[in-house]
Student: 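Can you read through this structure? Questions will come right after.
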Amino acid sequence: MALVDGVPQCYVDNDWICTRYWTDYRPELVDASVEHLWITVISVLAGLVVAVPLALVARRNAAVESVVVGATTIIYTIPSLALFSLLLPFTGLSPTTVIIGLALYSLTILVRNVLAGLQGVPEEIREAARGVGYSDTRMLLKVELPLAVPVIVAGLRVATVSTVALATVGSIVSYGGLGNLLLLAVGNQFKAQIFAASVLCVALAGILDLGLLLVQRLVTPWTRHAR
Amino acid sequence: MALVDGVPQCYVDNDWICTRYWTDYRPELVDASVEHLWITVISVLAGLVVAVPLALVARRNAAVESVVVGATTIIYTIPSLALFSLLLPFTGLSPTTVIIGLALYSLTILVRNVLAGLQGVPEEIREAARGVGYSDTRMLLKVELPLAVPVIVAGLRVATVSTVALATVGSIVSYGGLGNLLLLAVGNQFKAQIFAASVLCVALAGILDLGLLLVQRLVTPWTRHAR
Amino acid sequence: SDLEDDASDPASSGAAGDKGTVVVGGQDFTESQILAAIYQSLLEDAGYQVQTKLVTTRDVYLPELSKGNVDIVPDYLAGLTDFLNTQKNGPDAEAVSSNDPAATLAALEPLAEEQGISILPPSDATDQNAFFVSQDFAEQNDLSTLSDLAALGEPVKLGAPPDCEGRSDCEGGLTKVYGLDISEIVPLDFASAQVKDAVKNGEVQLGETGTTDGTLEDLGLVLLEDDKGIQPAQNLTPAVNSDFLADNPDLEDTFNKLSEALTTDDLAAMNVQVDLERKKPADVAAQFLEDKGIL
Amino acid sequence: MSAEVMIRLSGVGKTYDDGTVAVHELDLEVQRGELVCLVGPSGCGKSTTLKMINRLIEPTTGTIEIDGQDVTRQDPVQLRRGIGYVIQQVGLFPHQKIIANVMTVPLLYGESRTTARARARELLELVGLDPATYADRYPSQLSGGQQQRVGVARALAAKPPVLLMDEPFGAVDPLVRLRLQDEFLRLQRELGVTVVFVTHDIDEAVRLGDRVAVFATGGRLAQYDTPARLLGRPADDFVAEFVGSTSGLRRLDVTPLDPAHLEPLDGVRTGDIGAAIDVDSTLGHAMAVLLRDDAGMVGVRDGAQFVGVLTPNGIHRALRAALAEMTEASA
Amino acid sequence: MSAEVMIRLSGVGKTYDDGTVAVHELDLEVQRGELVCLVGPSGCGKSTTLKMINRLIEPTTGTIEIDGQDVTRQDPVQLRRGIGYVIQQVGLFPHQKIIANVMTVPLLYGESRTTARARARELLELVGLDPATYADRYPSQLSGGQQQRVGVARALAAKPPVLLMDEPFGAVDPLVRLRLQDEFLRLQRELGVTVVFVTHDIDEAVRLGDRVAVFATGGRLAQYDTPARLLGRPADDFVAEFVGSTSGLRRLDVTPLDPAHLEPLDGVRTGDIGAAIDVDSTLGHAMAVLLRDDAGMVGVRDGAQFVGVLTPNGIHRALRAALAEMTEASA
Ligand SMILES: Nc1ncnc2c1ncn2[C@@H]1O[C@H](COP(=O)(O)OP(=O)(O)OP(=O)(O)O)[C@@H](O)[C@H]1O
Ligand SMILES: Nc1ncnc2c1ncn2[C@@H]1O[C@H](COP(=O)(O)OP(=O)(O)OP(=O)(O)O)[C@@H](O)[C@H]1O
Ligand SMILES: [Mg+2]
Ligand SMILES: [Mg+2]
């Protein structure tokens, strides 16, 4: 094998684990991770912002619920490739394409969990709140949503983790964060890069997941006191 | 455009909607839908069968919960391509590869929703059950799981819809159901086929989703009687 | 289902099933699909039960082929050679394929042997990578070859899969052999609708597709000729699991007959039938075999 | 007089989907500032009636007016803001600390957090829960009776003109309950609140109610009267039985001493008088003291001065007189 | 004698994580077949004590034995199967119909569905809920008191040797409660169940309990005695106050007539006697009758025969005597 001198051995051997890679490509890895992170966070937040009102509309009656849940179902079944191509004419090769797509996907999970969470609020607590004169809005904000937090956060966690994974698909419009690195590396069998990008993806998902768990603990202190 | 005579106009124009396509390709569409359906159903059931015990183990203590939830997170972030390649050496070009993969993905959603559902059971009802001498198992089966059904079914519905969407990825090992048709059609811009396969995907997701909703209504009759 | 009244239902031809099962592999794009259908017809005619498994990438079917889970695959000479070469010698290994079919075959055979794969004689028919620009762009600048484009001396954006970078039949060859100034590779799939759209609306100037792509004309796109021959010999060739071939030696004749008959024009014509006339690959395959008098 | 009516139910009925008649053709008027108790056997429609007043349940027939306005024409949220409500199931917000549960209502009325907090602490004291200990706990960390008292504090926090209370003291012990009743009565008089108070404890109803409505099973109003008349002249056998065979004894607690029934001090030596009670005690208190020591009589004092002695016969006479008076009044 | 002890708490204490002492160094013995009532102010640790017996709460100090066996050494599930439990918050299973809620426990013991269903229907009748109406409803379709009665039926369904009841009749009206108490007492005697019964209603405790344990705030046992001695000789001011200033009156309901306190019939004309009562009535009944009519005395009959008349003074003497007796007994 005629290889240029001074090429690190792990590049030559195409090893999965290659510390040299991590130092050589640090800027690329950092940039990609940062991009991945903000795309994920913004997408999920956008999804949540849309999901809550949708869920609220949905629970007004069974027919509307079917429509809303059905529509988000349809979106979820559109393959990412197709969804991005649908968006492309409007938003072009920009992060917006990816974010809209990812937010739309997260809707499916979020709408259902927001709905399930709200349904789980005990009737007598709802009655007490209504009885002291809570408006629907206030009851929602002060009673129902807080009590639904565990189920909503469960949904947020799934949505976040799934968005971290899906964000790699953004590489088809070149905003895929770690997905860009991954796709390139898969293309030319650069194992060290495949490994690094995958590990960072997982780490990102793990950190976000843990973060949300902590947020949940923080905002639901009452669940910690056993009766 | 030099085209052979007798080619249906909607093929020539590459229309999205082409009734001729639906008749010409009926056998392919039926076969693909059937394959898609059974792969989805088996995958989600397999996921559920694994998720419930995992959730039960997880809720014993916070550390185990982190591990279980973390592990399913990691699985979820593995791109389907990579996951299927990991499974390929063991299971080959068989439906098993796809089913294992899809079941693993559905775990993330199911484990969390089973956990959230169980957490939502009011403490006084748990206490009453324990008080009359329910064993942990019996309480789980007779009290906790039934009361968790709305949240679990919410998870099952997300998992099912998401699996219908993900199952298309099975085309990388030729067991993608409608995904096989979709991928081929995307490759050669066969819009009628893209449309038909997409519509069937959505319909499948919708039907399964509705079916689960009906199942939920059936198994939670007590939620229909307002206080 | 026997709803189809097409005469080409191979399963009904007499001897089916008494020689055991054959798994035909392949990739799931049009051409591969047509070839798999041709293989299936031939094999069924020879008395085998055939299962066709079309997958997305060579990574998936090749290990299965060498293990014998897949028995036969219609493949491309240089593509297969490069794949096996990099698999054995690493991603940066020097290419052993070239634009000469014989030399490429010679390089391939030992590599395939090691994997338990036998290569039957290739056909003259080829499906090489090719680069295209928009009709307007070509007319404005009077372009017909890649050299013409290089002569323009303007930086171009290239729409191609990410693995294009550095490859001698892609970015590497375009810059080193033709001296093109490629300012950016926008990662877009080979022959995909996206890359064609991107070229058409000017987001990139140059896109990558195959020589047998039958859709370009309709879309207002034109191929530029590879006048300096950077594309390796992508002749169609059957790759067979060696053990399977040893057990079924008569297959060689069958497939040689096919390879002799098949031409690049046939491929393009069949692609058009499937891609534009929306005929089913099985029907196109049957028609082809009948026209050539093979079956 | 009609301006004085605060709550008016006319022909109000509630039939549930499955055909259960919870309340049947109910007519009921509550005057402004009045405290009306609803009593009756379990399942007779008391809670349903209460919830129809603040529209948590919509009646199937009849109309309900508050302060002359048909409640069905009002925005339910605005309506309920003017009505305090203590729910039978307590229904504290499990995710809020005790203090926040009580502050909830003043905050709803736009009070500042400081004012709301101060008021909440005051009310916790009032219901016998030391804010220092309980303010920062979650509901699940309180006993059943403590939770119930927080529910009462929450409803009182708004100083609402109308208050609906569904068995608010059902889970607390008699001592705490007595104290709560006293405090509550004081507050109610002071603020002039109109109260509808559900209880199954006839003693409580008699003690608190200006008038008491006795419901029979099936949501029928059997009698609506002052406690005295209810005890003295039950409308029918059902009411008589419900009010209890010991209704005469119950009166001990509500009948004040009357100097007319005392025996003169003449010939009684101070040593013979076991103990002394105040002239404005109830007969019940007198009897308790009488039983405690062996003297057979108890001295009655007005300030420092003895005004007479009370014997068992005197108590009997006083009770009889009270009953007779009642009977006349209701005739 | 020690074989007779069914439940023994020795030095049992419970301190919650935040330092709240819910129960303090409690010693308590319950004999086999005995019905012990726990009373005390809200938050004094009654529920906590109960839940420690069936290990829903683990004590921080001390040991609890049932039938001579340390409960902490037993499998909690097996332990609880031998102990019926009525939870203060009712805690019906919202997803099961009423009949299924009650059947739950016999099914747990391996009864057939038919037997369990029959037993459940029986028990629903017992607690005054007609199975035809209520069996197929869900808990949310019942009133508060009805739900509570279902909870009681559920606990009784197992015929357990030990029964823990946390304010089981707190939400039902006095008439239904009296009936429930009677039925329950009958059942308890018949089956010889050992019962620990939490109530905040001292009347109920006195009526039901073989012995009554009065708790003071902070989980301290203030007095543990028979109802008679508790009323007659409260151990301290706290108990005296808790048992109530009217404790003499409470005794009316538990003290039988004594012929010794009757006045002779001599010189009384039959027309003067307002009404007649049976010789085995309670003093309470006698007094109620006495107050009802204007005669100032009531005839007492043994079968068809008059044995004397009772006057207000007679009642007073009878009460005094009963108190004195008690005081002696406890001395
Ligand atoms: N999780 C907890 N953390 C701290 N203190 C608690 C907790 N649970 C209960 N307590 C306190 O323990 C004490 C005893 O509670 P317990 O429920 O035993 O009272 P109780 O006698 O049953 O009262 P009630 O008659 O009101 O039901 C109460 O003062 C209560 O505030
Ligand atoms: N959703 C419902 N469907 C059918 N019947 C119902 C429903 N809710 C309540 N009921 C019935 O209506 C009647 C009145 O109920 P309500 O709650 O008003 O009684 P209550 O007087 O408050 O009784 P309690 O003192 O036991 O609380 C009861 O017999 C009850 O069974
Ligand atoms: Mg009620
Ligand atoms: Mg308690």
Side-chain angles (χ1 to χ4, degrees), chain B residues 1-15 18 20-21 23-31 34 80-82 84-85 87-95 97-98 168-176 179-194 196, chain C residues 1-4 6 9 23-34 36 51-65 67-70 189-194 196-197 209-210 213-215 217-219 269 271-284 287:
Chain B
M1 277 184 276
L3 285 166
V4 183
D5 277 349
V7 175
Q9 192 58 37
C10 56
Y11 285 164
V12 177
D13 297 346
N14 198 16
D15 289 338
C18 172
R20 180 63 186 269
Y21 171 81
T23 45
D24 282 357
Y25 283 76
R26 209 172 73 168
E28 282 85 353
L29 290 173
V30 170
D31 288 356
V34 168
S80 43
L81 202 86
F84 286 169
S85 338
L87 293 170
L88 214 55
F90 306 102
T91 48
L93 290 183
S94 70
T97 312
V98 185
T168 57
V169 179
S171 60
I172 57 181
V173 292
S174 95
Y175 286 94
N180 297 336
L181 296 182
L182 211 54
L183 203 72
L184 282 166
V186 168
N188 64 15
Q189 283 293 298
F190 191 174
K191 290 185 180 166
Q193 180 155 320
I194 296 181
Chain C
S1 81
D2 42 19
L3 293 165
E4 304 301 293
D6 297 335
D9 188 3
V23 179
V24 175
Q27 276 172 272
D28 49 8
F29 55 88
T30 304
E31 197 170 274
S32 178
Q33 210 186 356
I34 296 167
Q51 237 193 321
T52 297
K53 293 187 176 179
L54 300 179
V55 302
T56 39
T57 58
R58 201 174 264 126
D59 300 89
V60 174
Y61 69 67
L62 213 68
E64 299 293 308
L65 180 62
K67 273 193 268 178
N69 292 333
V70 170
D189 276 355
F190 180 82
S192 62
Q194 284 80 10
K196 288 170 191 170
D197 281 348
T209 183
D213 187 339
T215 67
E217 190 186 335
D218 283 347
L219 295 170
N271 282 344
V272 167
Q273 287 180 51
V274 173
D275 284 347
L276 296 180
E277 295 168 24
R278 305 307 182 190
K279 292 190 177 163
K280 295 187 187 180
D283 299 340
V284 173
Q287 188 65 49

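Each chain gets a letter, A, B and so on, in the order the sequences are listed, and its residues count up from 1. Computed from heavy atoms alone, side chains included, the values below leave out hydrogens, waters and symmetry copies.
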Student: Using a cut-off of under 4.5 Å on heavy-atom pairs, state which of B:A192, B:G176, B:S174 scores highest against chain C.
Tutor: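 Most heavy-atom pairs within the cutoff with chain C belong to B:S174.
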
Student: First locate atom CZ of C:R278, then atom SG of B:C10, and finally report the distance between them rounded to the nearest 0.5 Å.
Tutor: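 One gets 10.5 Å once the value is rounded to the nearest 0.5 Å.
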
Student: Given a strict heavy-atom distance threshold of 4.5 Å, which part of C:Q51 is in contact with chain B: side chain, backbone, both, or neither?
Tutor: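 For C:Q51, the contact with chain B is made by the side chain alone.
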
Student: Taking 4.0 angstrom as the limit, do B:E28 and C:K280 come out as a salt bridge?
Tutor: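 Salt bridge: yes.
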
Student: Can you tell which part of C:V70 gets under 4.5 Å to a heavy atom of chain B, answering side chain, backbone, both or neither?
Tutor: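 The side chain, not the backbone.
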
Student: Once you round to the nearest 0.5 Å, how far does OG of B:S171 lie from CZ of B:F84?
Tutor: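 CZ of B:F84 is found 9.0 Å from OG of B:S171.
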
Student: Hey, do the aromatic rings of B:F190 and B:Y21 have their centres closer than 6.0 Å?
Tutor: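 Yes.
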
Student: Less than 4.5 Å apart, side chain to side chain, heavy atoms only: is that true for B:L183 and B:T168?
Tutor: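 In short, these two side chains do not touch, never coming nearer than 4.5 Å.
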
Student: At a heavy-atom separation under 4.5 Å, does C:Q33 approach chain B through its side chain, its backbone, both, or neither?
Tutor: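 Side chain only.
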
Student: Heavy-atom distance under 4.5 Å to chain B: side chain of C:K67, backbone, both or neither?
Tutor: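 The side chain, not the backbone.
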
Student: Which of the residues C:V55, C:T30, C:L54 is involved in the greatest number of heavy-atom pairs with chain B at under 4.5 angstrom?
Tutor: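 Top option by heavy-atom pairs under 4.5 Å: C:V55.
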
